[in-house]
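All remarks here apply to the structure that follows.
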Amino acid sequence: MTTDRFDFKAAASALAADGWCVQPGLMSASATRALARECTAMHDAKLLLPARTGAAHTASALRGDSTHWFVTGAMSAPQQAFAERIDVLRIALNRELMLGLVECESHYAVYRPGAGYARHLDRLRDNDARVVSAVFYLNEDWRETDGGALRLYLEDGAYRDIHPHAGSLLLFLSAQFEHEVLPATRDRLSIACWMRQRPLGAAG
Ligand code: OGA
Ligand code: MN
């Protein structure tokens with residue numbers, strides 16, 4: 001896998017200047033395809049579970065996706081490759097921006113046609129551990145008419161629609177940007193990932 005096509009410095013500068021960016025090149029096309037194939041196979045095998053929201057982990061009408069969390073020590077080769085790359089990015093962001101990010105948590109997500117995720121913030125009310133949200137998209141040949149944009153709300157009511165094209169990585173500051181997933185007309189696959197400023201299981 002080529003590992004030099006993602007511009008880590010550009011990502012860090014954009015994050016510092018604007019709080020968000022979209023960049024290609026985190027994974028090779030073949031590694032991206034391997035993730036998409038595995039995500040589809042696991043979804044077909046009913047290994048993805050309806051997602052929950054909020055600290056209480058209650059089922060919610062807010063989101064219609066199914067997810068599979070990547071488990072440290074039990075990752076497939078494609079998951080491991082993704083986890084290694086996102087960790088290189090985490091370390092680069094620490095170096096450039098001194099964010100103190102200690103780890104990443106990631107899950108596959110599949111939104112069936114018609115499913116979305118209502119406008120929300122990735123930071124839970126009583127937990128400030130999530131600092132950077134990263135969403136890596138797995139959908140080959142996505143067309144804008146397929147829907148499924150991530151709508152990122154900026155200041156003063158403006159928004160940007162980010163289309164979930166295979167190989168695109170969206171980064172944004174978790175505390176700052178409300179966003180929603182618009183329904184699509186076909187299955188929509190992604191890896192959602194959060195870079196955290198303290199380990200899972202720690203207080204707060
Ligand atoms: C999330 C989320 C966005 C996406 O899982 O919190 O906002 O584009 N996902 O999949
Ligand atoms: Mn979100």
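The structure presented is a predicted model; accordingly, all values stated were derived computationally and were not measured. Whatever order the structure lists them in is the order used to number ligands and atoms, beginning at 1.
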Protein heavy-atom partner closest to [atom] - residue, atom, separation in Å:
atom: atom 1 (C) of ligand 1; value: Tyr117 CE1, 3.7 Å
atom: atom 9 (N) of ligand 1; value: Tyr111 OH, 3.8 Å
atom: atom 3 (C) of ligand 1; value: Leu150 CD1, 3.4 Å

As an exercise, identify every atom of ligand 1 less than 4.0 angstrom from a heavy atom of [X].
X: Asp122; answer: 6 (O)
X: Val181; answer: 3 (C), 4 (C), 8 (O)
X: Val135; answer: 4 (C), 8 (O), 10 (O)

Out of curiosity, does [Y] fall in the hydrophobic cluster containing [X] (side-chain heavy atoms, cut-off under 4.5 Å, transitive links)?
X: Leu97; Y: Leu173; result: yes
X: Trp194; Y: Leu189; result: no
X: Leu182; Y: Val135; result: no

Could you check which N/O/S atom of His120 is closest to the Mn ion (ligand 2)?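 Going by distance to the Mn ion (ligand 2), the closest N, O or S atom in His120 is NE2.
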For the residue pair Asp122 / His179, report whether a side-chain donor-acceptor contact shorter than 3.5 Å exists. yes
Polar contacts were defined as any N/O atom of the residue lying under 3.5 Å from an N/O atom of the ligand; does this apply to [X] and ligand 1?
X: His179; value: yes
X: His120; value: yes
X: His107; value: no

Check for me whether Arg188 has a heavy atom closer than 4.0 Å to any atom of ligand 1. yes
Name the orientation class of the two ring planes belonging to Phe82 and Phe136 (parallel below 30°, tilted from 30 to 60°, perpendicular beyond 60°). tilted
Relative to each other, are the rings of Trp69 and His107 parallel, tilted or perpendicular (30° and 60° limits)? perpendicular
Side-chain donor/acceptor of Gln23 to backbone N/O of Ala11, under 3.5 Å: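 Such a contact is found between Gln23 side chain and Ala11 backbone.
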Can a donor-acceptor pair be found, under 3.5 Å and without considering hydrogens, that links the side chain of Ser174 to the backbone of Ser133? yes
salt_bridge(Arg198, Asp128) N-O dist < 4.0 Å: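 The answer is yes: the pair qualifies as a salt bridge.
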Metal site angle (apex the Mn ion (ligand 2)), OD1 from Asp122 and NE2 from His179, 10 degrees: 100°
Which one of Phe136, Phe172, Tyr137 has a non-hydrogen atom at the shortest distance from atom 8 (O) of ligand 1?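 Result: the heavy atom closest to atom 8 (O) of ligand 1 is in Tyr137.
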Using a 4.0 Å heavy-atom threshold (strictly under), name the region of Phe177 that reaches ligand 1: side chain, backbone, both or neither.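 The answer is neither; Phe177 stays 4.0 Å or more away.
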